[in-house]
Amino acid sequence: MSVYRTVDVPVSGGDLRVGVWEPDDDPEAPAVLLIHGVTASHLSWRAVADRLPDMRLIAPDLRGRGRSNDLTGRAGLEAHAADLAAVLDALDVERVLVVGHSMGAFVGLVFGDRYPERVSRVVLVDGGLPLDVPAGLTADEVIRLVLGPTADRLAMRFPSVDAYFDFWREHPAFRRDWSPMLEAYLAYDLVGDAPELRPATSYATLEEDSIDQNTGTAIATALAALRHPTVLLTAERGLLDQVPPLYAPERMAELRAAHPGVRHLHIDDVNHYTIVLSERGADAVAGTVRAELAAAV
């Protein structure tokens, strides 16, 4: 049986909220660090956690998101990596399997590069390898190109939780995959008071992270070193449930040639969101986690 709790971990600029799922009868359970996407929260991992009740799952709200949205100070991939090291220290965890989704995959790579002794293996979920983004775009243009309405909603205000649900019900990514778990995740995303509820993610932090992800050197450095066995799961469809996906087949051919150390698995019948926020996506991610832990023994 898995027990869920949250803890607040002191980091630079404030406290980081961390969700923990762990068995109540196995203090030696293997530890897995789950790193969410660019405008998500730790609750995006709930479906995956339900499938791994025998593991200790550690899932922070990254700075600028969820209940870590009021942290002060710089963001960027290295700042997130330092936060994750502080989380492991606070929870007395020496070494983990790292799983990152979307931007969390990029954070996971940098964490493994900066703190190699804390990581056994890395699972990248529809992120982590460089995206095919045209050169010369501003940070705001990159955000809108990659995220579209996901970024636009950060400026919106909602009169109620139900109104926020209605916004997402119209999103093509979830037309087949609405669930109570998804509703709990979306409700957690809101902060403030009705009728001025707003998404928790800080646009300024998102912008800073996007600049670092797309123009900084941390990702290239981490991929050049690639200190740990790494597998990339890619979704069949993109953020709007469209084809081509975030990693189109021709792009993946280029990336496999450039990064032969990254093993690639294609996941059918999921999009960029539902690869973690649906039953079948969570099945694939949880199965990969189990396989990677077995390989690490």
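Residues take their numbers from the sequence shown, with the count starting at 1.
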Pairing of [X] and [Y] as salt bridge, 4.0 angstrom limit:
| X | Y | answer |
| --- | --- | --- |
| Arg169 | Glu183 | yes |
| Asp212 | Arg74 | no |
| Arg114 | Glu78 | yes |
| Arg175 | Asp241 | no |
| Arg56 | Asp26 | no |

Whether over 12 other heavy atoms sit under 6.0 Å from Glu117 CD:
yes
When you look at CG of Asp24, are more than 12 heavy atoms from neighbouring residues, nucleotides or ligands closer to it than 6.0 Å?
yes
Intermediate values then yes/no, side chain to side chain contact (heavy atoms under 4.5 Å, CB included), Arg65 and Thr39:
CA-CA 7 Å; Arg65 286 90 174 169; Thr39 65; 5.8 Å; no
Atom CZ in Phe165, atom CG in Leu186: separation rounded to 0.5 Å?
6.0 Å
How far apart are the C-alpha atoms of Arg280 and Asp177, what are their side-chain angles, what is the distance that settles it, and do they pass the salt bridge (charged side-chain N to carboxylate O under 4.0 Å, His left out) test?
CA-CA 10 Å; Arg280 60 194 179 282; Asp177 290 290; 2.7 Å; yes
Would a 4.5 Å heavy-atom cut-off, applied to side chains only, mark [X] and [Y] as touching?
| X | Y | value |
| --- | --- | --- |
| His80 | Asp209 | yes |
| Gln213 | Pro130 | no |
| Phe174 | Thr274 | yes |
| Ile211 | Asn214 | no |

Can you give each donor-acceptor pair under 3.5 Å made by side-chain atoms of residues 9-20, sequence neighbours left out, with the distance rounded to 0.1 Å?
unit_1	atom_1	unit_2	atom_2	d
Arg17	NE	Asp8	OD1	2.5

Apply side-chain hydrogen bond (donor to acceptor under 3.5 Å, both in side chains) to the pair Ser102 and His272, showing each step before the final yes or no.
CA-CA 8 Å; Ser102 190; His272 182 73; 3.0 Å; yes
To check you understand the geometry: which heavy-atom pair defines the closest contact between [X] and [Y], and what is its length?
| X | Y | value |
| --- | --- | --- |
| Arg121 | Leu97 | O-CD1, 3.3 Å |
| Tyr273 | Leu239 | CE1-O, 3.3 Å |
| Ala248 | Pro244 | CB-CB, 3.9 Å |

Just do the side chain to side chain contact (heavy atoms under 4.5 Å, CB included) check on Thr230 and Arg263 with the steps written out, would you?
CA-CA 6 Å; Thr230 302; Arg263 187 163 55 93; over 6 Å; no
Tell me which one of Leu84, Asp83, Val122, Leu77 satisfies side chain to side chain contact (heavy atoms under 4.5 Å, CB included) with Phe111.
Leu84
If the test is side chain to side chain contact (heavy atoms under 4.5 Å, CB included), which one of Val119, Leu34, Val123 qualifies with Val98?
Val119
Any chance the side chains of [X] and [Y] put a donor and an acceptor closer than 3.5 Å?
| X | Y | value |
| --- | --- | --- |
| Asp189 | Tyr164 | yes |
| His264 | Thr234 | yes |
| Tyr188 | Asp61 | yes |

How far apart are the C-alpha atoms of Asp54 and Arg290, what are their side-chain angles, what is the distance that settles it, and do they pass the salt bridge (charged side-chain N to carboxylate O under 4.0 Å, His left out) test?
CA-CA 10 Å; Asp54 53 334; Arg290 291 195 180 279; 2.8 Å; yes
Begin with the C-alpha distance, continue with both residues' side-chain angles, and end with the deciding distance and a verdict on side chain to side chain contact (heavy atoms under 4.5 Å, CB included) for Trp21 and Val3.
CA-CA 5 Å; Trp21 291 269; Val3 176; over 6 Å; no
Test log, rule salt bridge (charged side-chain N to carboxylate O under 4.0 Å, His left out), inputs Arg63 and Asp70
CA-CA 8 Å; Arg63 62 173 56 231; Asp70 58 355; over 6 Å; no
Residues Phe158, Arg198; criterion side chain to side chain contact (heavy atoms under 4.5 Å, CB included); working and verdict:
CA-CA 6 Å; Phe158 299 88; Arg198 66 187 189 278; 5.9 Å; no
